[in-house]
Amino acid sequence: MAGRFPQRPTRTTVRGGQAAVPAGAAAGIPRQAAAPARVRRWVPDGPLDLGLTLGPLRRGPADPTFRATADGSVWRACRTPAGPGTLRVRAYGGEVLGEAWGPGAEWLLERLPELLGAADDPDAFVPRHRVVALARHRRPGLRLTRTGLVLESLIPSVLEQKVTTDEAYRAWRLLVRRFGEPAPGPAGVGERPMWVMPAPRTWALIPSWEWHRAGVDDKRASTILRAVRVAARLEQAVGMPAAQARARLEVVPGVGPWTSAEVVQRSHGAADAVTVGDLHLPGIVGWALAGDRDADDAEMLRLLEPYAGQRHRAARLILLSGHVPARRTPKMRKVDIGLL
């Protein structure tokens, strides 16, 4: 019976960047969509799984900037250098169709291949462990996305610092819906409209009590405010190698190695940017590769040495494998500062 049914998503596989396409209605996108401002067709040079490739861009199942619909489409609403834009991506018959709306439509379609992993080289990865080899075999369509946008990954990554993912996703959802703008095109209307994240100046003008209501403490809010003040300089990091981009990001107080790695994994498609400083990842990697659930960052990096140059891809495959140790401690306690 193995392989007959799709693997059931778990907390770990979702964290590894797997966006499942819902079964049922089209998740709030009107059936009669307005004509797109731009259309582009592209043929990938190998297997491509949209859910796996674009999954890391989703910040929780109710992310107002990301949606997967029952017709196999993935929708993204983002703020590009040319302005707000909505992108719809569908794959069928070995071809990808991209449709875009808004001022940022042309920018989004121009970078569609990189978004879908055209700059990635999956063949450069050589599995060294059985669990990694099996995960890769089961997910041949995994590509590392490259968005070409820094701030849209930096802000939610800062929100995820030192809190549970549920708290971070809630904060992102509330702030984007309150201070963002409706997505261009059909995604911005209906019962569940999508939203484009606020512009840097709008982030800078959010009152302190609104951060408080969203459950964001002063430390994370201050980090975001410092980052948006130099947003233009941070966006320039897209043209730099991943290591240099991380160095520029870490100049901002409050942005450390954990946050910078999470950003360049998405903005640059950095295959070697392994996340150091994570609460759970070292133990998961240690358990999967050596049966050591107490592994720390140093041990994790030692175990990932055979994958030098591809350590982030190896870590993602481990997360997607679902091979994790059983929980033996209570979950991290949620603290809603908005109620204080």
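Just so you know, these numbers come straight off a predicted model, no measurement behind them. All residue numbers refer to positions in the sequence shown, counting from 1.
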*Asks:* Check whether His268 reaches the backbone of Ala237 with its side chain - one donor and one acceptor, N or O, closer than 3.5 Å.
*Replies:*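 Checking the backbone N and O of Ala237 against the side chain of His268, a donor-acceptor pair under 3.5 Å is found.
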
*Asks:* Treating Arg90 as the side-chain partner and Gly98 as the backbone partner, does any N or O pair qualify as donor plus acceptor under 3.5 Å?
*Replies:* no

*Asks:* Identify whether the distance between the nearest side-chain nitrogen and carboxylate oxygen of Arg178 and Glu210 falls below 4.0 Å.
*Replies:* yes

*Asks:* Please tell me if the side chains of Leu289 and Leu304 come closer than 4.5 Å, counting only heavy atoms from C-beta onward.
*Replies:* yes

*Asks:* Taking the side chain as everything from C-beta on, heavy atoms only, tell me whether Trp42 gets closer than 4.5 Å to Leu48.
*Replies:* yes

*Asks:* Check this for me: does any side-chain nitrogen of one of Arg111 and Glu114 sit under 4.0 Å from a carboxylate oxygen of the other?
*Replies:* no

*Asks:* Using distance alone, with no hydrogens and no angle criterion, decide if Glu262 and Ser153 have a side-chain donor and acceptor under 3.5 Å apart.
*Replies:* no

*Asks:* Parallel under 30°, tilted from 30 to 60°, perpendicular over 60°: which one fits the rings of Phe125 and Tyr307?
*Replies:*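 Parallel, since the angle between the ring planes stays under 30°.
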
*Asks:* Under a 4.5 Å side-chain heavy-atom rule over Ile, Leu, Val, Met, Phe, Trp and Tyr, are Leu154 and Val230 clustered together?
*Replies:* yes

*Asks:* May I ask you to decide if Ala326's main-chain N or O and Arg293's side chain share a donor-acceptor pair within less than 3.5 Å?
*Replies:* yes

*Asks:* Verify the cluster assignment for Val132 and Leu52: are they in a single hydrophobic cluster under the rule of side-chain heavy atoms below 4.5 Å apart?
*Replies:*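 Yes, it is one cluster - the side chains of Val132 and Leu52 are joined through contacts under 4.5 Å.
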
*Asks:* Report the C-alpha distance between Arg40 and Glu99 in whole Å, list the side-chain angles of each, state the deciding distance to 0.1 Å, and finish with yes or no for salt bridge (charged side-chain N to carboxylate O under 4.0 Å, His left out).
*Replies:* CA-CA 7 Å; Arg40 178 175 182 178; Glu99 303 169 276; over 6 Å; no

*Asks:* Going by heavy atoms in the side chains, are Pro193 and Pro182 under 4.5 Å from each other?
*Replies:* no

*Asks:* Is the backbone of Ala214 close enough, under 3.5 Å, to the side chain of Arg170 for a donor and an acceptor to pair up by distance?
*Replies:*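 The answer is yes, because a donor-acceptor pair under 3.5 Å joins these two groups.
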
*Asks:* Please lay out, stage by stage, how Arg76 and Glu152 fare under the test salt bridge (charged side-chain N to carboxylate O under 4.0 Å, His left out).
*Replies:* CA-CA 12 Å; Arg76 254 173 54 79; Glu152 76 161 19; 3.2 Å; yes

*Asks:* Run through Asp121, Asp120, Asp45 and flag the one making a salt bridge (charged side-chain N to carboxylate O under 4.0 Å, His left out) with Arg143.
*Replies:* Asp45

*Asks:* Say whether Leu281 and Trp287 are linked into one hydrophobic cluster, either directly or through other cluster members, by side-chain heavy-atom distances under 4.5 angstrom.
*Replies:*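 No, no single cluster joins them.
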
*Asks:* Under 3.5 Å, is there a donor-acceptor pair between the Trp172 and Asp63 side chains?
*Replies:* yes

*Asks:* Are Pro61 and Phe66 packed together at the side-chain level, in the sense that at least one heavy-atom pair is separated by less than 4.5 angstrom?
*Replies:* no

*Asks:* Between Ser73 and Asp71, do the side chains contain a donor N or O and an acceptor N or O under 3.5 Å apart?
*Replies:*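 Note: Asp71 and Ser73 side chains meet the donor-acceptor criterion.
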
*Asks:* Evaluate whether atom CD of Glu106 has more than 12 neighbouring non-hydrogen atoms of other residues, nucleotides or ligands under 6.0 angstrom away.
*Replies:* no

*Asks:* Compute whether any side-chain donor of one residue and acceptor of the other, for Thr259 and Gln161, lie under 3.5 angstrom apart.
*Replies:*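 Yes.
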
*Asks:* Going by side chain to side chain contact (heavy atoms under 4.5 Å, CB included), name the residues that satisfy it together with His312, two or more places apart in sequence or in a different chain.
*Replies:*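 If we apply the side chain to side chain contact (heavy atoms under 4.5 Å, CB included) test to His312, skipping adjacent residues, the hits are Leu144, Gln265, Arg316.
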
*Asks:* Taking the side chain as C-beta and beyond, is there a heavy-atom pair between Thr80 and Leu108 under 4.5 Å?
*Replies:*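 Result yes, sub-4.5 Å side-chain heavy-atom pair found.
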
*Asks:* Looking at Glu305 and Arg311, is there a salt bridge between them, counting it only when a charged N and a carboxylate O are closer than 4.0 Å?
*Replies:*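 Answer for the salt bridge query: no.
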
*Asks:* Locate the shortest heavy-atom distance separating Asp272 from Gly309; write the atom from each residue and the value.
*Replies:*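 The answer is OD1-N, 2.8 Å.
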
*Asks:* Consider only side-chain heavy atoms of I, L, V, M, F, W and Y, link residues closer than 4.5 Å, and tell whether Val264 and Val158 are in one cluster.
*Replies:* yes

*Asks:* Testing Asp49, Thr145, Val89 for side chain to side chain contact (heavy atoms under 4.5 Å, CB included) with Leu116, which one passes?
*Replies:*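 Option passing the side chain to side chain contact (heavy atoms under 4.5 Å, CB included) with Leu116: Val89.
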
*Asks:* Is it possible for you to say whether Leu174 and Val176 belong to one hydrophobic cluster, with membership spreading through side-chain heavy-atom contacts below 4.5 Å?
*Replies:*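 No; tracing contacts between hydrophobic side chains, which count when under 4.5 Å, never links both residues.
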
*Asks:* Examine distances only and state if a side-chain atom of Trp203 and a backbone atom of Pro198 form a donor-acceptor pair shorter than 3.5 Å.
*Replies:* yes

*Asks:* Can you list, pair by pair, the side-chain donor-acceptor contacts under 3.5 Å of residues 239-248, counting residues two or more places apart and other chains?
*Replies:*
from	atom 1	to	atom 2	distance (Å)
Arg246	NE	Ser260	OG	2.9
Arg246	NH2	Pro257	O	2.8
Arg246	NH2	Ser260	OG	3.3
Arg248	NH1	Arg233	O	2.9
Arg248	NH1	Gln236	OE1	3.3

